[in-house]
Amino acid sequence: MEDQTRLEAWHKVVFGCDLETLNTLLADEVVFHTPLYLKPRRGKMAALFILSAVIDIFEEFTYHRELLQGDSWALEFSARIGKYSLKGVDLIRWNDQGQIVDFEVYIRPINGVQALGEAMYEKIKAAGMLDMIKDSSE
């Protein structure tokens with residue numbers, strides 16, 4: 001799958017809340033590096049849950065720069081969570097089958113990370129997923 005096709009699919013996920021496409025794009029063995037935990041979360045179920053929650057949490061999400069180089073991407077974004085504005089970068093690595101195998105997120109400033117942590121905790125707790133998210137780091 002070429003970069004433009006993958007980017008269009010990714011935009012469907014992010015801007016259209018297309019979780020079916022997200023499920024297709026994530027490899028079973030995907031490793032997700034969240035700014036909220038030191039250890040990465042492993043597996044499609046954890047990544048799917050985290051990404052779908054973040055898509056729901058972020059307001060006014062915008063990509064500013066999309067640097068695509070084969071299987072390695074860097075996507076700069078901004079968003080808002082309530083009164084907090086944040087900036088971030090998604091680092092995405094793809095396999096030969098056109099699926100995401102590694103997803104790393106960096107966010108600043110700290111109050112944006114804290115707001116994300118609080119909102120994510122509430123989503124995880126409400127979904128009864130605290131153990132799954134914890135277990136996916138081992």
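- With hydrogens and angles disregarded, no donor-acceptor distance shorter than 3.5 Å links the side chain of Ser72 to the backbone of Gln69.
- For the pair Arg6 and Trp94, the cation sits on the ring face: its NZ or CZ lies under 6.0 Å from the ring centre, inside 45° of the axis.
- The shortest distance between side-chain heavy atoms of Leu25 and Gln99 does not fall below 4.5 Å.
- From Ile57, atom CD1 reaches atom CD of Glu118 across 11.0 Å, with rounding to the nearest 0.5 Å.
- Of all heavy-atom pairs between Ser85 and Pro109, the closest is O-CD, 3.7 Å.
- Considering Thr34, Leu91, Asp90 in turn, Leu91 is the only one that fulfils the side-chain contact (heavy atoms from CB on, under 4.5 Å) rule with Glu104.
- Contact of the Leu67 side chain with the Leu75 side chain is not registered, since no non-hydrogen atoms from C-beta on lie closer than 4.5 Å.
- Residues Val101 and Val31 are not in side-chain contact: their nearest non-hydrogen atoms beyond the backbone lie 4.5 Å or more apart.
- The shortest side-chain heavy-atom distance between Arg93 and Ile100 does not fall under the 4.5 Å cut-off.
- A single hydrophobic cluster is not seen to contain both Phe58 and Val89; linkage of ILVMFWY side chains at heavy-atom distances under 4.5 Å, directly or through other members, places them apart.
- Contact record, Ile81 with Gly112: CD1-O, 4.1 Å, taken as the closest heavy-atom pair.
- At least one side-chain heavy atom of Phe77 sits under 4.5 Å from a side-chain heavy atom of Leu86.
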Let's go through Glu66 and His11 carefully: what are the C-alpha distance in whole Å and the side-chain angles of both, what is the deciding distance for side-chain contact (heavy atoms from CB on, under 4.5 Å) to 0.1 Å, and is it a yes or a no? CA-CA 11 Å; Glu66 298 172 323; His11 282 183; 2.6 Å; yes
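- Residues Lys44 and Asp28 are paired through a salt bridge, judged by an N-O separation under 4.0 Å between the basic side chain and the carboxylate.
- The shortest heavy-atom contact between Leu48 and Leu22 is CD1-CD2, 3.4 Å.
- Taken from CG in Asn23 to OG in Ser52, the straight-line distance is 10.5 Å, to the nearest 0.5 Å.
- The main-chain N or O of Ala79 is never found under 3.5 Å from a side-chain atom of Glu59 such that the two would form a donor-acceptor pair.
- Using a 4.0 Å cut-off between charged side-chain N and carboxylate O, Glu29 and Arg42 make no salt bridge.
- Around atom NZ of Lys87, more than 12 heavy atoms belonging to other residues, nucleotides or ligands sit under 6.0 Å away.
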Verdict with supporting geometry, Asp71 and Asn95, side-chain contact (heavy atoms from CB on, under 4.5 Å): CA-CA 7 Å; Asp71 70 347; Asn95 64 17; over 6 Å; no
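- No cation-pi contact links Arg108 to Tyr106, judged by a cut-off of 6.0 Å to the six-membered ring centre and 45° from its axis.
- With hydrogens and angles ignored, the 3.5 Å screen pairs a side-chain donor or acceptor of Arg41 with a backbone N or O of Lys39.
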For Trp10 and Tyr63, what are the C-alpha separation, side-chain angles and deciding distance, and is it a side-chain contact (heavy atoms from CB on, under 4.5 Å)? CA-CA 12 Å; Trp10 182 249; Tyr63 278 122; 2.8 Å; yes
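- Tyr84 pairs by the ring pair (Phe, Tyr, Trp, His ring centres under 6.0 Å) definition with nothing, not counting sequence neighbours.
- Annotation: side chain of Phe32 is not in contact with side chain of Leu26 (no heavy-atom distance under 4.5 Å).
- In this structure, CD1 on Ile55 lies 6.0 Å from CG on Leu19, to the nearest 0.5 angstrom.
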side-chain contact (heavy atoms from CB on, under 4.5 Å) between His33 and Asp102, worked out: CA-CA 8 Å; His33 307 265; Asp102 196 78; 3.0 Å; yes
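- The CH2 atom of Trp73 lies 5.0 Å from the CG atom of Leu68; values are rounded to the nearest 0.5 Å.
- To the nearest 0.5 Å, the span separating CD on Glu76 from OG1 on Thr62 amounts to 11.0 Å.
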